[in-house]
2 protein chains.
Amino acid sequence: MTIRLLLVDDHAVVRSGLKMLLSGQKEMEIVGEAASAHEALTETERLRPNVILMDIGLPDKTGIEATREIKAKFPDVKIVALTIHEDEEYFFQMLAAGASGYVPKRAAPDELITAINAAADGEVYLYPSLAKLLVRDYLSAERPAEEKANLDGLTDREHEVLIHLAEGASNDEIAAALVISPKTVERHRENIMRKLNLHSRSELVRYAIRKGIIKA
Amino acid sequence: MTIRLLLVDDHAVVRSGLKMLLSGQKEMEIVGEAASAHEALTETERLRPNVILMDIGLPDKTGIEATREIKAKFPDVKIVALTIHEDEEYFFQMLAAGASGYVPKRAAPDELITAINAAADGEVYLYPSLAKLLVRDYLSAERPAEEKANLDGLTDREHEVLIHLAEGASNDEIAAALVISPKTVERHRENIMRKLNLHSRSELVRYAIRKGIIKA
DNA sequence: ATTGGCATGGGGTGATGTCCCCATCAGCGG
DNA sequence: CCGCTGATGGGGACATCACCCCATGCCAAT
C-alpha cells in the first residue's frame, strides 16, 4: 500500500527538496502541501493523507499545535516532525501532541524515509540525539524501579506474592497463579506486611507503586 | 576517531556475519569477540572497546545482566543490544541496564551502523518498533498532569470519599473524618466502584494514583 | 549435626469489605 | 408540583481479610 504524504513547511524550497527526495520512493506519493498550520488542517481534511511531515516553525501557529489539532480530528493520521529544532522542549511537546516520529533536518535522507515508513506502520522513529533525551527521561522516572534490589528484606517468593497483591489479586487468585495453597499465600502476605510495617492491601498497593514494583 | 568494537554473541556464524558487514566501515574496527557474558566482561577489561554489540541470549547469563555488570565497571563503554527479541520486557530492562541502543536482528544493516555511530557519539538509537513502546510509556507517565479535570462523573462527596479510600482508610476512619455514618461511607464507596467499574479497594488505590488524585 | 531461614500448609476468630435490600430529606428543573 | 439526583442512614448475607495458633520438609551455614 502506498503511503499518502502531506508536506507541511512554510518554505517552498524545503517542500521542493522533499518532493525531489521522496519522489524516488515507490511506496510514497506526495498528495499535497501546506505552508501554514491552518492550511495543514484543511488539506488534511480534504486529502486524507496517511502521514504528514510537519515543520515546527510555521507562520500562524507552531507545528506542535497543528499536530495536536490534527490528531484530535484525525487520530489515524501519523505525523512526523521534521524540523531544525533539536530542543528538548519542542521534542517532548511534539510527543505529547501525538507525533509518530521526530527527525531533525540535518538527518540523512535515508533516516527520513525510515521515519516515514515506521510512522505509516504505526511505529515511531526517533533520531538518536532525541532518543537519548527520552531514554534519560525514562531512566530518571524509573529510578525507583531500581530499588528492586533493596526490598526491605523480602524473599524472592514474597516479592512474587507482593506483585500479585499489589495488582489487586485476592488470596485465592494468587494461590491459583502460583499453584500453592491460599493458606500459604496468606502466610506470605502476613510476612510481607510485618516486614514492611503495612496493615492493609491498600497500603501494599501504594507501597508497590512507590517502589516501582508495579505501575499504577 | 575509529570506533573500537567488541562483538558479543554465542553464535560464531552471527559474529562472522557482523564482521563481514562491518569491515566495510572505515570508522570501525572490530577488536574482539565474546561468546558468553563472562568472556564479554574479561574481553572488555582487556581490550577496552568503545562500543559493544550485545546479544541477549547468552549461555551463562543474559545480555541484560552482562550489560549491567559491564556498565558498572566501565561506565564509558557504550552497549548496543542486538537481538532477536522485541519483547517489551527485555527492551525496558536493557535500557535500565544502561544500553545506548536496541536493534533487532531483523533490522537493515544500515540501521545497525547508524546505531553504532549514535552510541559512539553518546546518543541512543532505538529501532522504531521499540521506540514506540518507550513513547507509549512516556505518554502514560505524563498523562496525570492533565487528567485532574475529568473524574468520570463522580460527585463532590464521592470524590472526597475516594481520596480517603485511596489513602487506605477504613470505612470507620472515613466516617470519623467526614463526620457521617460508616454506612454512608459504604454507600458512597459502592457508588464510586460502580461508576468506575472497580471492585476492590486495591483497584481504587491504583485508579486514584493513575489519575493523580493522590500520590503513591 | 544442629540451627536457622524459607516455603509449604491447616485451623480458627473477629474485623472488614462487597453488594444487595430498604428509607428519608433537600434542592433543582421542567 | 413532580420527578430526579445527591446525600444521608439502617439491615443483612456472604466473602475476604488480618492476625494469631500450629506443623513439615528442605537447604545452607556453622
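A, B, ... follow the sequence lines: proteins, then strands. Residue 1 opens every chain.
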Trainee: Taking the six-membered ring where the residue is Trp, are the ring centres of B:Phe92 and A:Tyr138 under 6.0 Å apart?
Mentor: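 Yes; A:Tyr138 has its ring centre under 6.0 Å from that of B:Phe92.
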Trainee: Mapping B:Asp156 and A:Asp172 onto DNA chain D by nearest heavy atom, which one lands closer to the 5' end?
Mentor: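 Residue closer to the 5' terminus by nearest nucleotide: B:Asp156.
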Trainee: OP1, OP2 of C:dT8 versus side-chain N and O of A:His188: anything below 4.0 Å?
Mentor: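 For C:dT8, OP1 or OP2 has a side-chain N or O of A:His188 closer than 4.0 Å.
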Trainee: Looking at every strand, decide which applies to A:Thr184 at a 4.0 Å heavy-atom threshold: base, sugar-phosphate, or nothing.
Mentor: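 Touches a base.
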Trainee: Scan A:Arg201 against the nucleic acid and name what it touches under 4.0 Å (heavy atoms): base, sugar-phosphate only, or nothing.
Mentor: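 Sugar-phosphate, no base atom in range.
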Trainee: For the atom pair CD (B:Glu190) and CD (B:Glu158), what is the distance rounded to the nearest 0.5 Å?
Mentor: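 So the gap between those two atoms works out to 11.5 Å.
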Trainee: Indicate yes or no: does A:Lys215 engage B:Asp137 in a salt bridge with an N to O separation below 4.0 Å.
Mentor: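 Salt bridge: no.
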Trainee: Starting from P on C:dC22, measure out to CD on B:Glu190 and report it in whole angstrom.
Mentor: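 It works out to 13 Å between those atoms.
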Trainee: Figure out the CZ/P separation between A:Arg157 and D:dG25, and round it to whole Å.
Mentor: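 Rounding to the nearest Å, CZ of A:Arg157 and P of D:dG25 are 19 Å apart.
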Trainee: With a 4.0 Å limit, can you tell me whether B:Thr155 has a side-chain N or O closer than that to the phosphate oxygens OP1/OP2 of D:dA7?
Mentor: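 Checking D:dA7 against B:Thr155, a side-chain N or O does come within under 4.0 Å of OP1 or OP2.
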Trainee: Check whether any side-chain nitrogen or oxygen of A:Ser200 sits under 4.0 Å from OP1 or OP2 of D:dC17, and answer yes or no.
Mentor: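 No, no such contact exists.
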Trainee: Can you tell me how far P of C:dG17 sits from NE2 of A:His199, to the nearest Å?
Mentor: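 Distance check: A:His199 NE2 to C:dG17 P gives 15 Å.
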Trainee: Check every atom of D:dG9, C:dT16, D:dA18 against the side chain of B:Ser170 and return the nucleotide holding the closest atom.
Mentor: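 Among the listed nucleotides, the one closest to the side chain of B:Ser170 is C:dT16.
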Trainee: I need the CD-P distance between A:Glu158 and C:dC6, as an integer number of Å.
Mentor: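 The answer, rounded to whole Å, is 7 Å.
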Trainee: Looking at D:dC19, does its base get a donor-acceptor pair with the side chain of A:Glu186 below 3.5 Å?
Mentor: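 Such a pair exists between side chain and base.
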Trainee: Strictly below 4.0 Å: does A:Arg187 bring a side-chain N or O up to OP1 or OP2 of C:dG9?
Mentor: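 Negative; the distance criterion is not met.
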Trainee: In whole angstroms, how far is the P atom of D:dG9 from the CG atom of B:Asn191?
Mentor: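 About 14 Å, once rounded to whole Å.
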Trainee: Using whole Å, report how far CZ of A:Arg189 lies from C1' of D:dC19.
Mentor: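 Answer to the nearest Å: 7 Å.
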Trainee: If you take all heavy atoms of A:Val80 and A:Ala119, which pair is closest and at what distance?
Mentor: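 It is CG2-CB, 3.6 Å.
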Trainee: NZ of A:Lys183 versus C1' of D:dA18: gap in Å, rounded?
Mentor: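 Going from A:Lys183 (NZ) to D:dA18 (C1'), I get 10 Å.
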Trainee: With sugar-phosphate meaning primed atoms plus P, OP1 and OP2, does A:Asn171 contact a base, only sugar-phosphate, or nothing at under 4.0 Å between heavy atoms?
Mentor: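 Here A:Asn171 touches the backbone only, sparing every base.
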Trainee: Quick one: pull up CZ in B:Phe74 and CD in B:Glu45 and give me the separation to the nearest 0.5 Å.
Mentor: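 If I round to the nearest 0.5 Å, the distance is 4.0 Å.
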Trainee: B:Ile192 has an atom CD1; how far is it from atom P of D:dA7, in whole Å?
Mentor: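 Interatomic distance, CD1 of B:Ile192 to P of D:dA7: 10 Å.
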